[in-house]
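Worksheet for the structure shown next.
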Amino acid sequence: MKRMEIQPEAVELAKKFTVSDPQLGFGKYMAPIMVQSWYKEGVWSTPKLMPYAMISLDPCAKVLHYAQEIFEGMKAYRHPMGDINLFRPELNARRFNFSARRMAMPEFPEEMFIESVATLSAYSHQIVPKRLGESLYIRPFMIATEKGLGIKPAKEFLFCAVASPSGNYFVNPNVRVYIERDEVRAATGGIGAAKAGGNYAASLSSYARTLHEDCDQTLWLDSKDRKYVEEMSGMNFFAVVKGELITPPISDSILDGITRRSLIELARSKGLTVKEERINIDYLLEHIKKNECTEAFICGTASVLVPVASFKLKSGEIFNVSEPNGKISIALKEELTQIQGGRLDAPQGWLYKVPKIDF
Ligand SMILES: Cc1ncc(COP(=O)(O)O)c(C=O)c1O
């Protein structure tokens, strides 16, 4: 951990902290430590491992008014021999800086990002869960801290990373999807491909409607024609049509998911056909009706892969997927979970071993 400052108080807190609840949930418990680095006059300060604490902000900090904020979501896994591994962290580092550029924020050097996250994981090693499918969820984020009500990019920022030992994101193993045809999550030319808080804020009123419709997740369509499947509010989308996998191509309104990318690579290595093509929602529903679309699933870091049981339209019409726990979904989920959990060999470069710290 060459470029990090480690506060002794943080080490003491980390040593003592335990979580005994077997129901970890998602984001219910936070590690007692965090990493912070401040950006001032064009320079990032040395990232510091410190006790988890409140952040004090000026009431006119730009993040509070103009939502200049980005984040990442990634995981550290405990492997059977006890070592802790991050999954493809360089892709998170790269995407963080893609988001930063789109939101007129300074890049956070990739090595510093990975070192910050690895240090947080290393000092949290005793709370990285053991069971397959559980992990330490890590949330790096950046906010504009500069004071001012003028609408212009800030010049001062805070990078911070916190961590939470986590279990399953979804309690229900199959999700019911509500097709959103009125509102739009992200438009062409907008910020949909950035992992910016504003995109999630834009999804919340529809999420309330989704729950009211007795569904679990919102499926967003393209902003122009309201016809083509984009993604969920926090996950990418796949369908299995006539035995082939199909997923919308990445665009400036869809997040380039690391789970999506990994599943495509795994599926292709198994000899499956994966098409990255636009999916007309009417085509999809028609093929579900004809039983030619037999499986559909959503995927992301938090939940890995979750089969879709049904799709619901505003009219109330429901389309049930014939094999929500179908062969392809289950095989891909198992394989990725086992790779992440160190039970199966990972493709070259997918795992980053966190250095072991002896307290
Ligand atoms: C909007 C959105 N799409 C897709 C994903 C899946 O991305 P990843 O697999 O990198 O977690 C996420 C989660 O990060 C997301 O927030």
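Whatever order the structure lists ligands and atoms in, that order sets their numbers, starting from 1. Positions are given from 1, in the same order as the sequence printed here.
- Atoms CG and CD, from N199 and E69 in turn, are 10.0 Å apart once rounded to the nearest 0.5 Å.
- Among residues at least two apart or in separate chains, ring-ring contact (aromatic ring centres under 6.0 Å, His included) pairs with a member in residues 77-104 are F87-W350, F96-F113, F96-F159.
- Checked for salt-bridge contact, E231 and R185 meet the test: a charged N lies under 4.0 Å from a carboxylate O.
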Measure and list all N/O to N/O distances between ligand 1 and the protein that fall under 3.5 angstrom.
from     : atom 1 : to   : atom 2 : distance (Å)
ligand 1 : 3 (N)  : E231 : OE1    : 2.5
ligand 1 : 9 (O)  : I258 : N      : 3.2
ligand 1 : 9 (O)  : T259 : N      : 2.8
ligand 1 : 9 (O)  : T259 : OG1    : 2.5
ligand 1 : 10 (O) : R95  : NH1    : 2.7
ligand 1 : 10 (O) : R95  : NH2    : 3.1
ligand 1 : 10 (O) : I258 : N      : 2.8
ligand 1 : 11 (O) : T301 : N      : 2.8
ligand 1 : 11 (O) : T301 : OG1    : 2.6
ligand 1 : 14 (O) : K195 : NZ     : 2.6
ligand 1 : 16 (O) : K195 : NZ     : 3.0
ligand 1 : 16 (O) : Y200 : OH     : 2.4

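- For an aromatic pair to be called close, the ring centres must be under 6.0 Å apart, and Y29 with F17 fails this.
- Between R261 and D256 there is a salt bridge, since a side-chain N of the basic residue sits under 4.0 Å from a carboxylate O of the acidic one.
- By the 4.0 Å N-to-carboxylate-O rule, E276 lies close enough to R268 to be salt-bridged with it.
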